[in-house]
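Just below is one structure, and these are the notes that go with it.
No experiment lies behind these values; they were computed from the predicted model shown. Note that the numbering runs from 1 along the sequence shown for the chain.
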Amino acid sequence: MRKDRVITLPLLILIIFASVTFLNSSQLSLAQTSTSTSSQPTTSFVNSFAKLVKDAHDLTQSYQNEFGKWKTHQHDNKTMISIINDYLPKYENLANESKMLQLKQYQNASALYTKSLGSELQSYVHFRNFLLTNNSTENKLSSKFLSDAFKYEIDSFKVLNSSGLFTVVS
């Protein structure tokens with residue numbers, strides 16, 4: 001019974017993270033510059049950032065589907081570990097892609113979003129370690145990193161919204 005409680009917190013955080021990511025990514029995908037004379041680098045950044053957020057959302061949703069199968073015992077630990085191992089390089093690629101988004105006026109937003117992706121990646125590493133070892137500390141670290149990922153993502157979107165150059169449409 002205790003094992004179920006330990007796993008429930010990461011599931012709850014993951015569900016909240018996925019839900020908010022979905023809501024925020026759909027809003028961000030509609031982001032537009034507020035001036036009609038935006039420069040090409042700004043437009044390119046907006047389009048690249050929106051694509052990155054959509055790709056990250058899609059990857060998280062896909063992972064959530066697999067996690068749900070594990071939670072309902074359709075996947076065993078060994079299968080889930082294999083799935084996590086398949087997802088880790090995909091998150092690494094997204095984090096690297098995020099690092100490449102360089103535009104001075106959005107540097108803080110990019111850095112926060114990169115931290116979000118890195119934290120999500122670390123969450124899955126620690127969850128995999130938990131599955132391998134049943135070490136509750138690994139599970140707690142997984143939850144902490146997932147919570148951090150959510151915080152960084154929200155902060156990134158706040159920076160973009162407060163810049164005055166973006167309008168986040170709901």
Side-chain angles (χ1 to χ4, degrees), residues 6-35 38-68 84 87-130 137-170:
V6 171
I7 294 171
T8 303
L9 181 60
L11 175 62
L12 179 62
I13 291 171
L14 209 49
I15 289 169
I16 291 168
F17 179 75
S19 298
V20 173
T21 300
F22 173 73
L23 292 173
N24 285 328
S25 69
S26 64
Q27 291 173 341
L28 190 63
S29 68
L30 300 174
Q32 305 167 7
T33 56
S34 61
T35 61
S38 65
S39 67
Q40 181 58 35
T42 301
T43 301
S44 178
F45 175 86
V46 170
N47 292 337
S48 296
F49 196 86
K51 181 185 179 314
L52 176 67
V53 170
K54 181 189 179 321
D55 291 347
H57 167 260
D58 291 347
L59 188 59
T60 297
Q61 286 296 109
S62 178
Y63 177 85
Q64 288 301 306
N65 291 337
E66 298 298 336
F67 182 84
I84 292 169
Y87 276 80
L88 292 178
K90 296 172 186 178
Y91 278 99
E92 287 173 1
N93 288 340
L94 287 176
N96 289 334
E97 192 177 317
S98 181
K99 288 176 190 174
M100 301 300 288
L101 288 176
Q102 298 293 323
L103 194 59
K104 187 172 181 152
Q105 64 257 47
Y106 306 115
Q107 188 173 16
N108 289 341
S110 293
L112 287 165
Y113 199 74
T114 300
K115 281 184 172 183
S116 174
L117 292 170
S119 291
E120 188 171 359
L121 172 75
Q122 287 304 309
S123 173
Y124 300 148
V125 167
H126 287 287
F127 186 66
R128 179 192 62 194
N129 293 346
F130 166 72
T137 301
E138 289 291 339
N139 199 35
K140 289 175 188 172
L141 285 169
S142 175
S143 295
K144 181 202 174 302
F145 276 104
L146 195 57
S147 177
D148 289 349
F150 175 70
K151 179 190 170 300
Y152 292 136
E153 181 182 54
I154 295 301
D155 288 349
S156 173
F157 293 164
K158 284 179 183 177
V159 168
L160 287 174
N161 197 38
S162 70
S163 71
L165 298 174
F166 283 86
T167 302
V168 180
V169 182
S170 38

Below 4.5 Å, heavy atoms only, C-beta onward: do [X] and [Y] meet side chain to side chain?
{"X": "Ser110", "Y": "Phe45", "answer": "yes"}
{"X": "Glu66", "Y": "Ile84", "answer": "no"}
{"X": "Tyr91", "Y": "Thr60", "answer": "yes"}
{"X": "Gln61", "Y": "Asp58", "answer": "no"}

Item checked: Stepwise side chain to side chain contact (heavy atoms under 4.5 Å, CB included) check, Asp55 with Lys51 -> CA-CA 6 Å; Asp55 291 347; Lys51 181 185 179 314; 2.6 Å; yes
Note to self: When you measure from the side chain of Asn96 to the backbone of Glu92, do you find a donor-acceptor pair of N or O atoms at a distance under 3.5 Å?
What the structure shows: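 Side chain of Asn96 to backbone of Glu92, a donor-acceptor pair under 3.5 Å: yes, one is there.
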Note to self: Main chain of Leu94, side chain of Ser98: is a donor-acceptor contact present, judged purely on distance under 3.5 Å?
What the structure shows: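 No, the answer is negative, given that no donor and acceptor are paired below the 3.5 Å cut-off.
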How long is the gap from [atom1] on [X] to [atom2] on [Y], to the nearest 0.5 Å?
{"X": "Leu101", "Y": "Thr114", "atom1": "CG", "atom2": "OG1", "result": "7.5 Å"}
{"X": "Lys54", "Y": "Leu59", "atom1": "NZ", "atom2": "CG", "result": "11.5 Å"}
{"X": "Leu160", "Y": "Asn108", "atom1": "CG", "atom2": "CG", "result": "10.0 Å"}
{"X": "Ser123", "Y": "Leu146", "atom1": "OG", "atom2": "CG", "result": "4.0 Å"}
{"X": "Arg128", "Y": "His126", "atom1": "CZ", "atom2": "NE2", "result": "9.5 Å"}
{"X": "Lys144", "Y": "Gln122", "atom1": "NZ", "atom2": "CD", "result": "10.5 Å"}

Notebook entry, point to check: Do Tyr113 and Phe49 have ring centres separated by under 6.0 Å?
Noted result: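 Judged by ring-centre distance (under 6.0 Å), Tyr113 and Phe49 do meet the cut-off.
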Margin query: Could you check whether Phe67 and Phe127 have their ring centres less than 6.0 Å apart?
Written below: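 They qualify: ring centres under 6.0 Å apart.
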Note to self: Tyr152: which residues meet the ring-ring contact (aromatic ring centres under 6.0 Å, His included) condition with it, sequence neighbours left out?
What the structure shows: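 Tyr152 satisfies ring-ring contact (aromatic ring centres under 6.0 Å, His included) with no other residue.
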Notebook entry, point to check: What's the shortest heavy-atom distance between Ala56 and Leu117, and which atoms?
Noted result: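 Of all heavy-atom pairs spanning Ala56 and Leu117, the closest is CB-CD2, 3.8 Å.
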Notebook entry, point to check: Any idea which heavy atoms bring Ser156 and Ala109 closest together, and the distance?
Noted result: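 Minimum heavy-atom contact is OG-O, 2.8 Å.
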Next item on the list: Please identify each residue that fulfils side chain to side chain contact (heavy atoms under 4.5 Å, CB included) with Ser62, with sequence neighbours left out.
Entry: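 Result, side chain to side chain contact (heavy atoms under 4.5 Å, CB included) vs Ser62: Tyr87.
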